[in-house]
Amino acid sequence: MYPENNHTNRGRNIAIGVVVTLVFAGLFAGCIAVMMQFVELSRNGKLDRWLEANAEDETDAFDYGYYDDDGYFHYYGEPEQDAGFGYYGEDGEFHYFGDEKEDPRERFDRSTHDEDIEGYATGEYFSLPADNRVDGLAYSVEMEDKEYEDRDCTYIYYSYPVVSGDVPNVDYINDVICEEWEGLIDYYEEDYRGGLYDYYGSDYEEYGYSDGIIAEVAGNIAYMSEDILSIVYQETVYYGEYLDYETELYLYCLNFDMKNGQLLESTGMLDIDEAFVEEFRERSRKQNADSVLDYYDDEEIRDYLDSAYNLILFYCPQGMEIGLNLDEGWVTVTYADYEEYLKSF
């Protein structure tokens, strides 16, 4: 059976068709009128003036910057350098590595409280930086300073002593002295940068370029005699993209027996007990004008004093400097009477 014919919607469909036809006819006529207007303006030489009068201000869409030919967005007032390749300084301002007016070492100029404590002015306390080299010994020490740069995101400045003279194992001594700054460079090249390549893959050049290290490894001669040579590296390292991920401040100490040409082990030299820990706290409050050790209990401090990683111990003209490398940085105390705290063997 065929379906029943039904023409009840025929009139409505015809009306809709007429309306649609009229709409398209109006749009077409409008386009023709616009085109004729452009043709007329062009014939009269008025087209350029009309476009200028009716053009939108380009800064309306991006009133804070613009896109360059490579498709990168630049903010107005931004220095004409590669955006993103720098670091935020302690003043909160962004500094570009490529800025010729900026020396990366300026970031390491940190104020200290030494001048506010009488013991530093009188020479009672040891302070850094130090150059306590002595002439007329069987050996001499010269200071070397060098720089390491890789791309625009990593800069390492290091200074270190070079020993020469009539002492045993002088080559071994110099090798040990260089191990600290060499280790930092090796860490960056093999582990840190290698990790970036593993993370970013083939896109490292594009996405990992601003992730690096800026560091200072400053060697100091803390003490020098016929028997003992004490070297202290004062180290500051900034890690991460824009160097904002992590900051490390610490001291690394080397004490050499110059009669035998051997490195002395710092751990095990002191007789550390509860009384030593308590006195260490009190001396630190007096010398450093702070209570950073209050964040650690006696057991933690004692463990740190027994740790080769945390313990700071080196000879100085005032006697011996004893301290700790902590998460917040380092703290040291000058012991003129250090011999009272040495273990008896």
Side-chain angles (χ1 to χ4, degrees), residues 104-105 108 126 128-133 137-150 154-195 212-225 227-239 246-269 304-316 320-326 329-330 332:
R105 282 173 288 185
F108 303 111
F126 173 85
L128 290 169
D131 186 2
N132 295 320
R133 285 179 287 178
L137 303 181
Y139 67 97
S140 61
V141 175
E142 297 294 331
M143 298 300 299
E144 298 278 349
D145 63 279
K146 295 182 180 180
E147 299 175 355
Y148 171 93
E149 292 184 76
D150 180 48
T154 291
Y155 172 91
I156 300 174
Y157 165 79
Y158 53 98
S159 60
Y160 63 97
V162 178
V163 179
S164 61
D166 187 17
V167 291
N169 300 327
V170 66
D171 292 336
Y172 159 79
I173 292 173
N174 286 319
D175 288 343
V176 172
I177 290 172
C178 292
E179 284 177 358
E180 183 62 10
W181 58 263
E182 288 177 339
L184 178 60
I185 294 175
D186 289 343
Y187 165 74
Y188 170 71
E189 293 182 338
E190 298 176 8
D191 296 332
Y192 191 89
R193 190 174 64 186
I213 291 175
I214 181 171
E216 180 184 49
V217 183
N220 296 265
I221 304 300
Y223 185 75
M224 182 174 174
S225 71
D227 299 323
I228 298 292
L229 174 63
S230 286
I231 298 166
V232 181
Y233 281 112
Q234 185 177 2
E235 307 189 24
T236 307
V237 186
Y238 299 90
Y239 297 94
E246 185 178 358
T247 303
E248 289 186 358
L249 306 170
Y250 55 94
L251 298 184
Y252 181 76
C253 313
L254 297 169
N255 300 298
F256 292 98
D257 181 342
M258 300 306 288
K259 291 295 185 182
N260 300 316
Q262 296 297 320
L263 178 67
L264 299 174
E265 295 292 337
S266 298
T267 55
M269 292 181 62
Y304 289 160
L305 288 169
D306 284 327
S307 167
Y309 175 80
N310 296 101
L311 176 63
I312 298 170
L313 186 149
F314 57 89
Y315 294 88
C316 59
M320 179 177 285
E321 198 76 3
I322 301 172
L324 296 174
N325 286 308
L326 303 170
W330 50 269
T332 63

Could you check whether [Y] and [X], counting side-chain N and O atoms only, form a donor-acceptor pair closer than 3.5 Å?
X: Tyr157; Y: Glu147; result: no
X: Asn260; Y: Asp257; result: yes
X: Glu216; Y: Tyr233; result: no

Applying ring pair (Phe, Tyr, Trp, His ring centres under 6.0 Å), name anything that partners [X], two or more places apart in sequence or on another chain.
X: Tyr315; answer: Tyr338
X: Tyr160; answer: Trp181
X: Tyr304; answer: Tyr296

Pairwise distance [atom1]([X]) to [atom2]([Y]) - rounded to 0.5 angstrom:
X: Asn255; Y: Met320; atom1: CG; atom2: CE; result: 7.0 Å
X: Asn169; Y: Leu263; atom1: CG; atom2: CG; result: 11.5 Å
X: Tyr172; Y: Phe256; atom1: OH; atom2: CZ; result: 6.5 Å
X: Glu180; Y: Ile231; atom1: CD; atom2: CD1; result: 11.5 Å
X: Trp330; Y: Thr332; atom1: CH2; atom2: OG1; result: 5.0 Å
X: Met224; Y: Ser230; atom1: CE; atom2: OG; result: 11.5 Å

Validation row: [X], [Y] side chains within 4.5 angstrom (heavy atoms):
X: Met143; Y: Ile221; result: yes
X: Glu321; Y: Tyr223; result: no
X: Glu149; Y: Thr154; result: no
X: Leu251; Y: Gln234; result: yes
X: Leu249; Y: Glu235; result: no
X: Leu305; Y: Thr267; result: no
X: Ile177; Y: Val163; result: yes
X: Tyr252; Y: Val217; result: no

Which pair of non-hydrogen atoms, one from Ile213 and one from Ala215, has the smallest distance, and what is that distance?
-> CG2-CB, 4.0 Å
Full working for side-chain contact (heavy atoms from CB on, under 4.5 Å) between Val162 and Asn174 | CA-CA 6 Å; Val162 178; Asn174 286 319; 4.1 Å; yes
Could you pull out every donor-acceptor pair under 3.5 Å between side chains of residues 306-314 and any protein atom, sequence neighbours left out?
| from | atom 1 | to | atom 2 | distance (Å) |
| --- | --- | --- | --- | --- |
| Ser307 | OG | Tyr309 | N | 3.2 |
| Ser307 | OG | Asn310 | N | 3.3 |
| Ser307 | OG | Asn310 | OD1 | 3.1 |
| Asn310 | ND2 | Asn325 | O | 2.8 |

Side chain to side chain contact (heavy atoms under 4.5 Å, CB included) partners for Glu182, two or more places apart |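 Expected list: Cys178.
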For Asp227, all residues meeting side chain to side chain contact (heavy atoms under 4.5 Å, CB included), sequence neighbours excluded = Ser225, Lys259
With sequence neighbours left out, what residues match [X] under side-chain hydrogen bond (donor to acceptor under 3.5 Å, both in side chains)?
X: Tyr158; answer: none
X: Asn132; answer: none
X: Tyr139; answer: none

Chi angles and distances behind the side-chain contact (heavy atoms from CB on, under 4.5 Å) call for Val167, Leu229 | CA-CA 12 Å; Val167 291; Leu229 174 63; over 6 Å; no
Could you tell me whether a side-chain N or O of Ser159 sits under 3.5 Å from a main-chain N or O of Gly219, the two making a donor and an acceptor?
->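 Yes; judged by distance alone, with no hydrogens or angles, the pair exists.
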Taking only residues two or more places apart in sequence, or in another chain, which ones meet Asp175 in a salt bridge (charged side-chain N to carboxylate O under 4.0 Å, His left out)?
-> none
